[in-house]
Amino acid sequence: MELKITCIPGDGIGPEIVAEAKKVLNRVAEVYGHKMLFTDILMGGASIDVHGVPLTDEAIATAKAADAVLMGSIGGDTTTSPWYKLPPNLRPEAGLLAIRKALNLFANLRPAVLYDELAGACPLKEEISAAGFDMMIMRELTGGLYFGERKTVEENGVRKAIDTLTYDENEIRRIAIKGFDIAMKRRKKVTSVDKANVLDSSRLWRKVVEEVAENYPEVTLEHMLVDNCAMQLVKDPAQFDVILTENMFGDILSDEASMVTGSIGMLASASLNDSKFGLYEPSHGSAPDIAGKDIANPIATVLSASMMLRYSFDLDKEADAIDAAVKQVLKDGYRTGDIMPSGSDNMGCEKVGCSRMGDLLAERIQ
Ligand code: IPM
Ligand code: MG
C-alpha cells in the first residue's frame, strides 16, 4: 500500500522526534511491504521564520492532499522567543488552531495509559496506581471558547476582554458519535464531562449526548461535572474508559490525565475529521529547553504514527507491531531521560538518546 503522509517537524524537539517516527515507519514499510511517501511542511515558529506567518495556504493544501498528517510539536519559550512578541494571530499556536479548523479535525483522541513498566513514575499513591488505568479523552477540537468571537475593548477607560463559548447541536452530536463509536471498541463506558450546573452550552451538550446514547444501548453513559472530574482523575483514574468533553475542558483534563501517568513523553494523540483523515501528534509540547540535544523521548510520536496506521490506514497489524516494539523496548530496559527511574541502580535500566531509541524501536519491528 502507498501511504501519502505530510509531516510537520515543527519547533523545539519536533524535528528530532519526527525523524525517529519516520525511521520506525520506514522499517514498518520494509517489513510489511508498503511505500511511505513523506512530504514535509512548515508550521509554527519554523514557518514564521521563513514566511512570516505560522501556516501558509500552500502548507494547508499540501496537508489536504495527503492521507494523513504526522506532527512533532510547535512553539517556543513564551517568555524569551521573539515569536511571542508577534500579535496573537501570527504566533506559532495560531498555526495549529488554523490547521485544525482548515482540515475540520473536530475529534481529538488522547489516550492516557499507565504502562506497567513505568508504574513507578505515576505520582499517585501506590494503592491508587496499583489498579492501573487506561482511558481515552475525546476532546471536541474545533468549537467552543477556542473558536468563538473574541475581542478586547476599552469602555469608559476600563479595559474589557470578551471570549464567547458557543456550541450548536451538530457540533456536539458528531463528537458524541465518535466518542460512543470508540467506546464500543473499548470497555463500553462514556463519561460525558460538562459544567451543566452553570453553563447553557453544557446543558445542551448533556441533552445531545443523551440523544446519541439512545443508539448505543450497550454503552453505559454517565455525566460528570468538570470540577469533579478533575478530582476523580487523581482519586480513582481506573473508573474512566472514554471521557467525552468540549474543547477547553478537554485541553485541561488531558494535561492532567497525562501528568497522572507520570510519562507524558509516552502519550500519543489523534485529531480526526469525518473521514479517515487525521493529524497525529504527541500529547507533549516542543520542550525548547532540551531541543537539539538528542535527549528527547520519541515514543509519543512513534505511538502517534501507530495511531495513524490504525485510524487513517486501517493497518492494525502494523500498528500492533509498533505498540509491541514500544512495550519490548521498555521491557528490555531502555529509557530516555524523562522516564529513567531514579535510585542508585536505576532499576537496571540503560539511558539512551532520542536517535538510539528510534533505532531500538525500529529493530524490534517484525
Ligand atoms: C494542546 C495545546 C494547544 C491547545 C495549544 C498549543 C493551542 O495546549 O494541543 O492541548 O490548547 O489546544
Ligand atoms: Mg493543551
Side-chain angles (χ1 to χ4, degrees), residues 17 71 73 105 107-141 175 178-194 220 222 224 226-272 278-285 287 297-308 310-311 319 322-323 326-327 330 335-336 338-339:
I17 54 183
M71 182 184 139
S73 52
L105 305 171
N108 184 214
L109 284 63
R110 299 191 167 181
V113 185
L114 187 65
Y115 281 84
D116 287 346
E117 293 82 1
L118 304 177
C122 174
L124 302 179
K125 281 191 207 145
E126 214 179 310
E127 66 215 58
I128 300 174
S129 65
F133 58 86
D134 175 356
M135 69 186 92
M136 178 70 89
I137 301 196
M138 298 280 310
R139 168 188 176 195
E140 199 292 324
L141 203 60
I175 182 74
K178 283 255 189 210
F180 279 88
D181 282 345
I182 300 251
M184 284 298 289
K185 294 188 186 179
R186 295 175 46 100
R187 300 192 306 280
K188 301 193 171 67
K189 179 177 172 192
V190 170
T191 305
S192 175
V193 174
D194 62 39
T220 307
E222 66 174 19
M224 193 178 278
V226 61
D227 45 355
N228 184 29
C229 182
M231 247 169 26
Q232 296 298 328
L233 276 172
V234 288
K235 191 170 163 242
D236 176 21
Q239 70 183 284
F240 295 110
D241 179 16
V242 172
I243 291 181
L244 173 65
T245 193
E246 64 92 47
N247 205 344
M248 183 75 161
F249 298 158
D251 179 45
I252 299 166
L253 294 176
S254 62
D255 263 25
E256 185 188 359
S258 66
M259 192 60 229
V260 166
T261 68
S263 45
I264 183 163
M266 303 284 299
L267 300 178
S269 83
S271 305
L272 309 175
L279 180 149
Y280 301 83
E281 58 171 316
S283 284
H284 59 71
N297 185 351
I299 293 180
T301 318
V302 169
L303 289 172
S304 302
S306 157
M307 284 183 97
M308 176 180 77
R310 203 182 293 285
Y311 292 110
I322 294 184
D323 297 352
V326 168
K327 288 224 166 82
L330 294 175
R335 303 281 189 275
T336 44
D338 57 311
I339 50 173

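Computed from a prediction, not measured in an experiment: that's the story for all the values here.
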Can you tell if the side chain of Thr191 reaches within under 4.5 Å of the side chain of Cys229, non-hydrogen atoms only?
no
Margin query: Less than 4.5 Å apart, side chain to side chain, heavy atoms only: is that true for Leu267 and Thr261?
Written below: yes
Heavy-atom closest pair (Phe180 atom, Leu244 atom, distance to 0.1 Å) is CE1-CD2, 4.4 Å
Asp181 meets the salt bridge (charged side-chain N to carboxylate O under 4.0 Å, His left out) criterion, sequence neighbours left out, with none
Which atom pairs, donor and acceptor, lie under 3.5 Å between side-chain atoms of residues 110-128 and protein residues at least two apart or in another chain?
residue	atom	partner	partner atom	Å
Arg110	NE	Asn108	OD1	2.7
Arg110	NH1	Ser254	OG	3.0
Arg110	NH2	Asn108	OD1	3.4

Is the shortest side-chain heavy-atom distance between Leu253 and Met135 below 4.5 Å? no
Value for CE (Met138) from CG (Leu272), rounded to nearest 0.5 Å, stands at 7.5 Å
All heavy atoms of Met184 vs all of Lys188, minimum pair found to be O-NZ, 3.7 Å
Looking at side-chain heavy atoms only, is the closest gap between Asn297 and Pro282 below 4.5 Å? no
dist Thr336:OG1 -> Ile299:CD1 (nearest 0.5 Å) comes out at 5.5 Å
* To do: Taking the side chain as every heavy atom from C-beta outward, state whether Arg186 and Asp134 have any pair of such atoms under 4.5 Å apart.
  => yes
Between Ala268 and Met307, the two heavy atoms sitting closest are CB-SD, 3.8 Å
| message | Could you tell me if the side chain of Ile17 sits less than 4.5 Å from the side chain of His284, heavy atoms only? | response | yes
For Ser271 and Leu141, the nearest pair of non-hydrogen atoms, with its separation, is OG-CD2, 3.4 Å
Closest non-hydrogen contact found for Phe240 with Arg187 is O-NH2, 2.7 Å
dist Ile182:CD1 -> Tyr311:OH (nearest 0.5 Å) comes out at 4.5 Å
Rounded to the nearest 0.5 angstrom, the CG-CD1 distance for Leu109 and Ile137 is 10.5 Å
Residues passing the salt bridge (charged side-chain N to carboxylate O under 4.0 Å, His left out) test with Glu281, sequence neighbours excluded, are Arg100
d(Asp323 CG, Leu303 CG) to nearest 0.5 Å is 6.0 Å
One should read off an interatomic distance between Arg310 CZ and Ile322 CD1, to the nearest 0.5 angstrom, of 9.0 Å
Item to complete: Kindly indicate whether the side chain of Thr301, heavy atoms from C-beta on, has any atom under 4.5 Å from the side chain of Met71.
Response: no
Looking only at heavy atoms, the pair that brings Val190 and Ala183 closest together is CG2-CB, 3.6 Å
Residues 247-263 vs salt bridge (charged side-chain N to carboxylate O under 4.0 Å, His left out), sequence neighbours excluded, gives Arg139-Asp251
Show me the side-chain donor-acceptor pairs of residues 231-238 shorter than 3.5 Å, one per line, residues at least two apart or across chains.
residue	atom	partner	partner atom	Å
Gln232	OE1	Gln239	NE2	2.9
Gln232	NE2	Asn228	OD1	3.1

By side-chain hydrogen bond (donor to acceptor under 3.5 Å, both in side chains), Ser283 pairs with (sequence neighbours left out) none
Q. Is the side chain of Ser263 donor-acceptor paired with the backbone N or O of Ile339 at a distance under 3.5 Å, no angle test?
A. no
- request: Check whether any side-chain heavy atom of Val326 lies under 4.5 Å from a side-chain heavy atom of Met266, and answer yes or no.
  value: yes
